[in-house]
Amino acid sequence: MKTGAKFFITVVSLAILYAWTIKQANDIQKAKWLIGTSENKTQKGSIYETWTKLGDNEFSGKSYSVKDKDTIVFENIRLVQENKKLFYIPTVNNQNDGQPVRFAAKTISENQLVFENPEHDFPQIIAYTITSDSLIAEISKTKNGQKRKQTFPMKRVKR
């Protein structure tokens with residue numbers, strides 16, 4: 001093989017490797033649309049979900065309600081880029097002995113995130129979809145061919 005061809009193959013290979021590395025490193029950046037506060041109005045009052053950016057590799061989220069002047073937190077969430085993988089790690093009050101549960105990203109796009117942990121009881125799948133003014137969170141599980149699902153439509157109240 002000629003030197004020019006070897007050089008060309010090396011450059012192309014490095015470009016592909018670099019593009020793949022950048023893609024992997026930027027998965028959490030595709031989730032930046034989570035940042036802000038969204039509200040789910042229910043008959044019992046409003047539930048909020050707020051996301052903030054903690055750094056290049058971590059976002060912090062929480063689900064809570066506000067009653068009078070008290071904030072009642074239901075869940076604290078970490079969205080973390082670790083070893084080129086994206087993880088959704090919720091800690092839910094009164095569940096899992098207060099321990100966090102890890103869900104690995106299965107879908108990462110400009111308008112949808114899907115995380116999965118098939119070993120967890122419920123949920124096994126956590127999904128977020130963004131539209132122009134809404135954030136839709138969905139939790140689900142399939143057992144014996146039956147799908148159990150809960151959907152939480154939220155309106156963006158602050159970005």
Side-chain angles (χ1 to χ4, degrees), residues 20-159:
W20 182 83
T21 302
I22 292 300
K23 179 228 173 275
Q24 298 298 315
N26 288 330
D27 281 345
I28 196 167
Q29 298 308 315
K30 290 181 182 176
K32 65 185 174 195
W33 47 263
L34 279 176
I35 295 171
T37 300
S38 299
E39 177 183 24
N40 176 6
K41 291 186 179 185
T42 71
Q43 291 179 343
K44 296 180 181 179
S46 290
I47 297 172
Y48 299 91
E49 187 161 300
T50 297
W51 286 91
T52 57
K53 181 178 178 179
L54 295 182
D56 290 340
N57 296 315
E58 185 172 358
F59 295 174
S60 175
K62 69 179 176 179
S63 295
Y64 59 96
S65 66
V66 178
K67 187 170 183 171
D68 299 322
K69 293 183 181 181
D70 293 329
T71 300
I72 302 161
V73 177
F74 307 118
E75 173 180 44
N76 287 295
I77 312 156
R78 293 176 61 224
L79 187 64
V80 182
Q81 183 92 40
E82 292 177 348
N83 300 320
K84 299 180 184 173
K85 293 183 182 177
L86 190 61
F87 294 96
Y88 181 96
I89 310 169
T91 303
V92 182
N93 291 350
N94 304 316
Q95 290 184 16
N96 306 304
D97 296 322
Q99 295 301 307
V101 178
R102 294 171 71 87
F103 292 79
K106 293 296 177 194
T107 301
I108 304 166
S109 72
E110 302 298 328
N111 64 351
Q112 187 177 50
L113 299 168
V114 180
F115 302 90
E116 185 176 68
N117 180 339
E119 304 302 316
H120 193 250
D121 53 359
F122 185 83
Q124 293 175 330
I125 299 171
I126 299 171
Y128 285 90
T129 305
I130 188 82
T131 64
S132 61
D133 66 341
S134 298
L135 180 67
I136 301 165
E138 184 176 279
I139 58 176
S140 62
K141 172 185 181 167
T142 302
K143 183 176 181 180
N144 299 328
Q146 298 291 323
K147 188 167 186 173
R148 179 177 162 208
K149 174 172 73 168
Q150 292 179 320
T151 302
F152 304 94
M154 297 178 267
K155 291 288 184 191
R156 299 293 279 195
V157 294
K158 181 179 167 189
R159 291 186 193 253

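It should be emphasised that the depicted structure is a prediction, and the values quoted were computed from it without experimental measurement.
- At a cut-off of 3.5 Å, with distance as the only test, a side-chain donor of Thr50 or Tyr64 sits close to an acceptor on the other residue.
- In this structure, Lys85 contributes its side chain and Ala105 its backbone to no donor-acceptor pair below 3.5 Å.
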Worked verdict on Gln95 versus Phe122 for side-chain contact (heavy atoms from CB on, under 4.5 Å): CA-CA 10 Å; Gln95 290 184 16; Phe122 185 83; over 6 Å; no

Stepwise side-chain contact (heavy atoms from CB on, under 4.5 Å) check, Leu54 with Arg78: CA-CA 10 Å; Leu54 295 182; Arg78 293 176 61 224; over 6 Å; no

side-chain contact (heavy atoms from CB on, under 4.5 Å) evaluation trace for Ile130 with Leu113: CA-CA 9 Å; Ile130 188 82; Leu113 299 168; over 6 Å; no

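- One N or O on the side chain of Asn117 and one on the backbone of Arg102 form a donor-acceptor pair closer than 3.5 Å.
- The shortest side-chain heavy-atom distance between Tyr48 and Thr71 does not fall under the 4.5 Å cut-off.
- Proximity of Val80 to Leu86: side-chain heavy atoms (C-beta onward) are nowhere separated by under 4.5 Å.
- The backbone N or O of Ile28 sits less than 3.5 Å from a side-chain atom of Gln81, completing a donor-acceptor pair.
- For the pair Glu138/Thr129, no side-chain contact is recorded, criterion being any heavy-atom separation below 4.5 Å from C-beta on.
- Here the shortest heavy-atom pairing between Asp56 and Gln29 reads O-NE2, 3.3 Å.
- The closest side-chain heavy-atom distance from Lys141 to Pro123 is not below 4.5 Å.
- In this structure, CE in Met154 is found 14.5 Å from NZ in Lys41, a value given to the nearest 0.5 Å.
- Using bins of under 30°, 30° to 60° and over 60° for the plane-to-plane angle, the ring pair Tyr88/Trp51 lands in the tilted bin.
- Side-chain atoms of Asn93 come within 3.5 Å of backbone N or O of Val73 as a donor-acceptor pair.
- At a threshold of 4.5 Å between non-hydrogen side-chain atoms, the residues Glu82 and Asn57 do not count as touching.
- Under the 3.5 Å distance criterion, the side-chain polar atoms of Glu75 are left unmatched by any main-chain donor or acceptor of Val92.
- A heavy-atom distance below 4.5 Å is found between the side chains of Glu116 and Ile125.
- What you find for Gly98 and Thr91 is that their closest heavy atoms are O-CG2, 3.3 Å.
- The two residues Pro90 and Val101 have their closest heavy-atom pair at CD-O, 2.9 Å.
- Panel note: side chain Thr142, backbone Gly145; no donor-acceptor pair is recorded below 3.5 Å.
- Between Arg156 and Trp33 there is no side-chain heavy-atom pair separated by less than 4.5 Å.
- A pairwise comparison of heavy atoms in Tyr128 and Ala137 identifies CE2-CB, 3.8 Å as the closest pair.
- In plain terms, the two heavy atoms of Ile77 and Lys62 that are nearest each other are CD1-N, 4.5 Å.
- With hydrogens and angles left out, the side-chain atoms of Gln112 and Thr107 include no donor and acceptor closer than 3.5 Å.
- Two rings, from Phe103 and Phe115, have their centers 6.0 Å or more apart.
- For Val114 against Ala127, the heavy-atom pair with the smallest separation is CG2-CB, 4.0 Å.
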